[in-house]
Amino acid sequence: MSQAPPRDTLFAQPEPMLVDFRFDERVASVFPDMIRRSVPGYGDIIALLGLFAEQYAQPNSCIYDLGCSLGAATLSLRRRIQVPGCRLIAVDNAEAMVARCREHIANDLSPTPVEVVCADIREVDIKQASVVVLNFTLQFLPPEERLVLLKRIHAGLLPGGVLVLSEKLRFADGQSQAFQERLQLAFKRANGYSELEISQKRAALENVLLPDTLEQHRARLIQAGFVQIEPWFQAFNFASLAAVK
Ligand code: GEK
């Protein structure tokens, strides 16, 4: 029988000196519980990512999971690749995440080889790619560096390749922002987070996770060179887009 993942209680006690959120050992140790209870639709997105690998992976190409954390997206992609000669490259710059990711990959028996790389996604070569996944990662880059990365991804994709970009969204219209935030807050409360946990986590993420609007994402993807952009998932203020080269 598999054990329940350790519960996230990182922000349950009052913090006299709240510091900016970091992907350290404490976060890595509770990450599956944290992301599942904080991001509405996360489990569905992970499961559905496999279909992008099934439909878009090209023979003898590379598939990238950028900001892979513990490898949930990598495993979903790996299990549905249908063509020969693919290689998966999972990248994260948090050592605590990468160490655990390597264990998860080693425990999975799907045949496609996976290279888990501890590096900054801004410094990784992207080549011969048929599928690239940025599942809730772009939002952690400084805004002025996001277009550069998308341009590099576009350049490294094969014709017909796809980028799947999942992000927390911001809404330019105040009414929409309030509506979506209210429901995400309700989601977190329904998943057992206290008001203290919610407010301390929010403060810790304030300078670290900087969301864009859907319109900004669309415009940036077009600027990067993508010709077809399809929003394919949204749950409150979390969404995923597919951009085809
Ligand atoms: C999932 N995709 O489970 N270079 C490399 N990694 C980075 C960088 C960077 N510059 N910036 C942030 N990260 C995963 C979830 S979590 C999302 C992704 C979240 C990494 C960071 O270390 C963390 O592991 C991940 O991006 C973001 O599908 O926690 O909301």
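Atoms within a ligand are numbered from 1 in the order they appear, just like the ligands themselves. Because the structure is a prediction, the values reported are computed rather than measured.
Taking every heavy atom of Ala119 and a limit of under 4.0 angstrom, the matching atoms of ligand 1 come to 4 (N), 5 (C). Set against the non-hydrogen atoms of Phe140, the atoms of ligand 1 under 4.0 Å away are 12 (C), 17 (C), 19 (C), 27 (C), 30 (O). Listed by number with element, the atoms of ligand 1 under 4.0 Å from a non-hydrogen atom of Met97 are 24 (O). The Ala94 neighbourhood of ligand 1 comprises atoms 22 (O), with distances under 4.0 Å to a heavy atom of that residue.
Note: Phe136 and Tyr42 have tilted aromatic rings, judged against thresholds of 30 and 60 degrees for the angle between ring planes.
The shortest N or O to N or O distance between Asn135 and ligand 1 is below 3.5 Å. For ligand 1, the polar-atom distance check against Leu141 finds no nitrogen or oxygen pair separated by under 3.5 Å. Considering backbone and side-chain N/O of Ala72, none are found under 3.5 Å from N/O of ligand 1.
A donor-acceptor distance shorter than 3.5 angstrom exists from the side chain of Gln216 to the backbone of Thr213, with no hydrogens or angles considered. With hydrogens and angles disregarded, a donor-acceptor distance shorter than 3.5 Å links the side chain of Gln58 to the backbone of Pro159. At distances below 3.5 Å, at least one donor-acceptor pair connects side-chain atoms of Glu167 with backbone N or O atoms of Gln139.
Around atom 14 (C) of ligand 1, the closest heavy atom drawn from Gly67, Pro142, Cys101 belongs to Gly67. Taking all heavy atoms of Asn93, Leu75, Ile46, Val91 into account, the minimum distance to atom 9 (C) of ligand 1 is reached by Asn93. Closest to atom 25 (C) of ligand 1 by heavy atom, among Cys68, Gly71, Ser69, Ser38, is Ser69. Compare Phe31, Tyr42, Phe136 by their heavy atoms: the one nearest to atom 1 (C) of ligand 1 is in Tyr42.
Within a 6.0 Å radius of CD in Glu145, other residues, nucleotides and ligands contribute more than 12 heavy atoms.
Ion pairing between a basic and an acidic side chain is recognised when a charged N comes within 4.0 Å of a carboxylate O; Arg79 and Asp108 show such pairing.
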With side chain to side chain contact (heavy atoms under 4.5 Å, CB included) as the criterion, how do Asp92 and Ser69 come out once you've worked through the C-alpha distance, each side chain's angles and the decisive distance to 0.1 Å? CA-CA 6 Å; Asp92 205 290; Ser69 299; 4.0 Å; yes
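With respect to Val132, the side chain to side chain contact (heavy atoms under 4.5 Å, CB included) criterion is satisfied by exactly one of Leu150, Val162, Ile153: Ile153.
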